[in-house]
Engineer: 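Just dropping this structure here.
All residue numbers refer to positions in the sequence shown, counting from 1. No hydrogens, no waters, no symmetry mates; every other heavy atom, side chains included, goes into these values.
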Amino acid sequence: MAVLRKSALVHSSIFFRVKLVRLWLKGCLLPNLTPEFDGLPELSDLYVHYSSTLKPHLNSGQLDTLGALISGSPSLRKLDVTIDPDVPGLMLKISAPRLRHMVIESWSADWMVEFQSQLPFISSAKLRLPVSRYIQEGGSKLVHILQSISRVQRLELHDASQLDNFQDMMPIKIPVTFEKLQYFSTNVDLGCAPHIAFVVHLLRSCPNIRDIEIKVDT
């Protein structure tokens with residue numbers, strides 16, 4: 001296991017520790033990948049925390065490196081990515097078909113996530129994403145996320161958005177059935193009808209749900 005905290009730049013040698021099983025990065029920047037990078041075949045747990053102190057250095061290249069690290073870890077079972085507030089909005093593309101447990105907590109309302117593979121083995125997922133912004137853009141990206149995690153048994157989906165104007169938002173339907181979902185937790189803004197409709201549609205897609213926890217935003 002490698003644990004790195006508040007290191008401005010992780011040394012590229014980290015990519016050649018082929019027997020690395022767990023990697024914990026907090027307040028660190030990943031180096032650019034080299035052509036010799038063949039992945040981390042035994043990495044099963046990856047934790048990354050992008051703190052607000054990294055704001056001047058975060059760019060699309062950093063997220064591309066993280067995405068390549070994830071896709072280059074075929075044994076990855078657990079992924080935990082946390083983004084502090086005020087970190088600039090970027091897109092993280094995730095391809096990890098053997099993932100079982102996932103936490104994506106974005107406290108920055110501009111962050112977006114895209115799944116480039118289905119997650120057929122996913123058991124639990126905790127996602128804090130700009131749900132209202134996804135809906136405002138038409139909802140297709142949000143639907144794709146839900147389709148990717150449709151086999152999940154435990155889902156926490158929280159909205160990191162803080163929108164004041166909902167005029168352009170339209171209710172979206174969810175063409176996904178969560179057959180295995182038993183626990184669902186979310187937050188709802190009572191002033192946003194499309195957001196409420198989204199939660200209702202999602203619950204209708206969960207025929208075997210047992211426990212529901214909803215926090216009302218005021």
Engineer: Identify the heavy atoms of E179 and P207 that sit nearest to each other, and give their distance.
Structural biologist: OE1-CG, 3.7 Å

Engineer: With a 4.5 Å cut-off on side-chain heavy atoms, are V81 and V103 touching?
Structural biologist: no

Engineer: Between R100 and I122, what is the shortest heavy-atom contact and its length?
Structural biologist: O-CD1, 3.4 Å

Engineer: Where is the tightest heavy-atom contact between G27 and S51, given as atom of each residue plus distance?
Structural biologist: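 Looks like CA-OG, 3.8 Å.
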
Engineer: For a quick check under 3.5 Å, do E156 and Y183 share a side-chain donor-acceptor pair by atom type?
Structural biologist: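 Distance-only check fails for E156 and Y183.
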
Engineer: Could you check whether any side-chain heavy atom of T53 comes within less than 4.5 Å of a side-chain heavy atom of D84, counting everything from C-beta outward?
Structural biologist: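 Heavy-atom side-chain distance check fails, nothing below 4.5 Å.
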
Engineer: Would you check if N208 and L181 make a side-chain contact, meaning some heavy-atom pair closer than 4.5 Å?
Structural biologist: no

Engineer: Would you mind reporting whether D45 and L23 have side-chain heavy atoms less than 4.5 Å apart?
Structural biologist: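 Side chain of L23 against side chain of D45, heavy atoms only: no contact under 4.5 Å found.
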
Engineer: Mark yes or no for whether T65, through its side chain, and L30, through its backbone, hold a donor-acceptor pair below 3.5 Å.
Structural biologist: no

Engineer: Which heavy atom of H101 sits nearest to which heavy atom of S124, and what is that distance?
Structural biologist: ND1-OG, 2.8 Å

Engineer: For the residue pair K126 and M102, establish whether any side-chain heavy-atom pair is separated by less than 4.5 Å.
Structural biologist: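 Of all side-chain heavy-atom pairs linking M102 with K126, none is under 4.5 Å.
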
Engineer: Using atom types as modelled and distance alone, determine if a side-chain donor or acceptor of S150 lies under 3.5 Å from a backbone N or O of L146.
Structural biologist: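 No, because the side chain of S150 does not come within donor-acceptor range (under 3.5 Å) of the backbone of L146.
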
Engineer: How far apart are the closest heavy atoms of P120 and P97, and which atoms are they?
Structural biologist: CD-O, 3.4 Å

Engineer: In terms of side-chain heavy atoms, does H49 have a donor or acceptor partner in T82 at a distance below 3.5 Å?
Structural biologist: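 Checked: H49/T82 side chains show no N/O donor-acceptor pair below 3.5 Å.
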
Engineer: Is any side-chain heavy atom of V113 less than 4.5 Å from a side-chain heavy atom of I94?
Structural biologist: yes

Engineer: Taking side chain as C-beta onward, heavy atoms only, is V216 less than 4.5 Å from N187?
Structural biologist: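 They are not in side-chain contact.
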
Engineer: Donor-acceptor pair, E42 side chain versus S75 backbone, under 3.5 Å?
Structural biologist: no

Engineer: Please report the shortest heavy-atom distance between A96 and L76, naming the atom on each side.
Structural biologist: CB-CD2, 4.5 Å

Engineer: Treat each ILVMFWY residue as a node, draw an edge where side-chain heavy atoms are under 4.5 Å apart, and state whether L43 and F121 are in one component.
Structural biologist: no

Engineer: Do the side chains of I145 and L129 get nearer than 4.5 Å, heavy atoms only?
Structural biologist: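 In contact.
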
